[in-house]
Every structure is written in C-alpha cells, then in structure tokens.
Amino acid sequence: MSLLLKISVYLCLCAGVPCVHLVSWLPCQFTDEHVFLNLEGHTETEHRHREAALQFGQTGDAPLNPRAVTFLITGSKLDLRRFLEETEAEHLDCELRRFSTDGRRARWPVQGGPGSNRWFSCTLRHAQGLFTVTGVLRHPSDQPAPGQQDYHSWPAIADGETLTTSVAVVIKTQTPSVRAALASQQKLHCQFAVDHKGPNVTVEWHRQRRGERTRLFSHAARSGRSEGGGVGLRGLAGGDASYGVPFAKITSEGTYVCSVTVPPLFVSLDISLHIEEPPRVSLNIGPALSLQEGGERKVSCDAEGYYPLDVEMVWSVQDPAAADRRVGAPLPQVLQNVLLTSHRRNRDDTYSLTAFFLLRASPRDSGRRFTCSVSHRSLRAPVRKSFVLTVEEPWAGPRPLGLAAIVLLLALLLLLRHLHSARKHMQKKKPY
Ligand SMILES: *[C@@H]1O[C@H](CO)[C@@H](O)[C@H](O)[C@H]1NC(C)=O
C-alpha cells in the first residue's frame, strides 16, 4: 500500500501537479453492514470490516488498490482534500460507512444519472485529534430509489469493485475535544459546505449531558428563522457554524453536537467539552518550621477549587543532603500516617481536599524537607509545596553548668556554717 502511495505521489510530481499536499488516495476501512430480522423478529445489524480505498480522480480511473473496494471521488464543487489541511495520509484515520437517509425524501439538486442516489459517509480523523472531517458521498445508481428502510436492502458490494462518487456535503471541526478552564471563553469549531448553491440547509447545535439533550441553536436557511444563540449568523452564510461558549461553567461540560441537515441528508459531528480546573495548593505553615524536641504540630496541605473530582495528594520527606546529591540520592519517603478529609464540594461545583498529619518532632527529622505533591489531570506536572523542619533540643547545653552551680552553692553554705560556728566558738572564749 505504501508503495502504491509513493508511486502515486511520484507520478503526480512527474506530471508537475502540485499534489504534495493533496493526497491522491487513502487506505480506508469500510464498515459494511448486514441488517436482518432475527428469530425474535428484531432488527439486528452485523458489521463487517472491509479493506477499502478513497481515491481521488476522474470517472474511469483504474483503482490504485485492486483488492480493495474503491470509492472513487470525482470532482464536484467540493474537494474533500481541501479540508484535510495538507495532512499526510499516514496521519489520517479513514472510515467509510453506508449512509441511510432514514426515510427522508428529497431530490438532490445535483444529478448525475437517471436513477436514484446511494449514499456513503466518510469520516477522516486526524491521528493527533487536530480535526475530524465527515463527508457524504453520493453514488448515482441506476437502481430505483430504495424504500423507507433502505438499510434492509443494501445492494451488495464486491471486493475490488469501484464506486464512482462525488462529495455532496462536508462537515468539519478543528476542535473535536476541548479542555476548558472555569470562566474561560471557548469556541467550538464547526464548518460545513454543500455541493450546490442555495441549499435547504438547517444548522443545529445540541448539548448532551448525563443523558439529557438540550437544543442550543437552530437556523434554517430557507426561512431565515433562528432559535437560540451562540452562532454568528453572518459566518453561517459562509459555512462557519462555530458555537461560542462565553463563560465556561461546570454545567457547560458535555458533548456538543453540530449538525447539518440538507434533505435527505443529515450529518453531525460530536465535540466533547471537558472542564479542567487546576487545584490551588497551600500549606498551613510557612517554608520553615521549628519545633522543640517532642513538640507536636498538625501539618496540612489543602488542594482547593479543582475539577474534575480525582486528585492525588502525597506527603513525602527527604534528607537535606540527599536532595542536593545528583547520583544515588535516596528517593523521598512517602509518609504513611497521612489522613485525608473527604472531598468538599464548593459552591461553584469544584472540589477541595486536605491531606494532614501530626508531626512529632524528633531530632533525626531536623533539617528534613517535607513535601506535599498534588497531581490532577489539569496539571502537566504535580504541584509541590514544602517546608524544612528544624528540631531544637530542650535546653540541653546549660545543664552541667547548673549542677556545678548547685555544688558550688552547697559548698558555700557549708563554708558559711563552718565560719558561723567558728565565730560562736570564739565569742564563748572571749571572757578569758
Ligand atoms: C427544507 O428542509 C426542511 C427539513 O430540514 C423541510 O421540512 C422543508 O420542507 C424543506 N424545504 C424545501 C423547500 O425543500
């Protein structure tokens, strides 16, 4: 496959076509389906993954991969490749599916043949999540129009078959997944294009959250009627249906669905919005703590105002010498006597948590650094706050001196008594 790709790129270059940024074909997975009624009379769908290729060219072109089902995309007003931002084929994930019109009836204004249209959807995802593009491919067929439940009578497609198609509708987002901090302003990108002028298009935005679906915006081009807000009408006329979230709250979280209806087609894209608010981390003491030997202190580390719930808090201790040593330094020791409060829910739906322990000052802890590390998915690296403990020994120096003083005092008293009795003795003798 990659050989074929190289050959096709090489051929293009030889022909002098500036196609380095326009892929000529893409390997794809075609998720074929077989819909049937099971023994209980319920509709069941069996999926089958088949090798396929998306090939850009003209009617009659030979397939570049003869084993695959080839979806040959011929020119229409829409060039799918223009939506792929010069991405190389190996960074694109391509999936093709059969597309059901679900009973919607409308004649497509661009006609290629006398029969009806068969539809396929093609979704191209950037491997690093930079964008998602979905196109609906129209394949004119000479078969009569399928009935309401078109999926019950999908015409078989053989391996190696080439289906000549053209792109009818494209929808794209450059923000398939958004991580937003609280109070931030966000733009959910959605762009669409249709292969004919003045289409009967309806653009809608919905938000799905915990099984609830809310319509945020809707605009029908033909009637000019709009409901809801968040989308600039001027941009909409040019195919920009981006939705603005002016002030992200916890309740803004969810899956946002941008959909475009051009009967009989309906295409939509999901954009997930996650709120991620980092914790504010603080200690109840300053960077240096001094305690007397045997003294106690409750030491706590607060992580406040974070979202979502999961947070990891670890207290550890490290020798001062070890921290400076580059090689062979022992790892900080994790403290085991730490207690956690339960998560507190704040008024703005964020959470707070405290990790605390009772510090008993022992001389061997003197000079050690105690560190609280907080990890949260909003943070690239854990936030660390630490303090250095100094343990003072309780008045140990002066003790021997005190003893000497007492001995000296006793000696002095004895001496005084001796002197006193000596004087009395002298007085008694005076009458001589
Ligand atoms: C335009 O599309 C809407 C559905 O999206 C449909 O109800 C309406 O009849 C269509 N109008 C025309 C003129 O086709």
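Counting starts at 1 for both ligands and their atoms, following the listed order. Numbers here are sequence positions counted from 1.
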### Query
Looking at Leu124, Val133, Thr132, which hits side-chain contact (heavy atoms from CB on, under 4.5 Å) with Lys172?
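With Lys172 as partner, side-chain contact (heavy atoms from CB on, under 4.5 Å) holds for just one option, Val133.
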
### Task
Measure the distance from atom 13 (C) of ligand 1 to every protein heavy atom, then report the residue, atom name and distance (to 0.1 Å) of the closest one.
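Of every protein heavy atom, Arg222 NH1, 3.4 Å lies nearest to atom 13 (C) of ligand 1.
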
### Message
For atom 5 (O) of ligand 1, what is the closest protein heavy atom, and at what distance to 0.1 Å?
### Response
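Atom 5 (O) of ligand 1 sits closest to the protein heavy atom Thr202 OG1, 3.6 Å.
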
Pair [X] + [Y]: ring centers closer than 6.0 Å:
X      : Y      : answer
Phe120 : Phe71  : yes
His196 : Trp108 : yes
Phe370 : Phe387 : yes

### Message
Going by a strict under-4.0 Å cutoff (protein heavy atoms only), does atom 7 (O) of ligand 1 have a neighbour on the protein?
### Response
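When distances to the protein are checked, atom 7 (O) of ligand 1 has no heavy atom within 4.0 Å.
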
### Query
Counting only non-hydrogen atoms of the protein, does one fall under 4.0 Å from atom 11 (N) of ligand 1?
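Yes, there is one.
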
### Query
Could Arg81 and Phe56 be counted as a cation-pi pair, given that NZ or CZ must be under 6.0 Å from the ring centre and within 45° of the axis?
yes

### Message
Is there a polar contact between ligand 1 and Asn200, counting only N or O atoms under 3.5 Å apart?
### Response
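Checking ligand 1 against Asn200, an N or O pair does fall under 3.5 Å apart.
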
### Query
What atoms of ligand 1 come within less than 4.0 Å of a heavy atom belonging to Pro263?
2 (O), 4 (C), 5 (O)

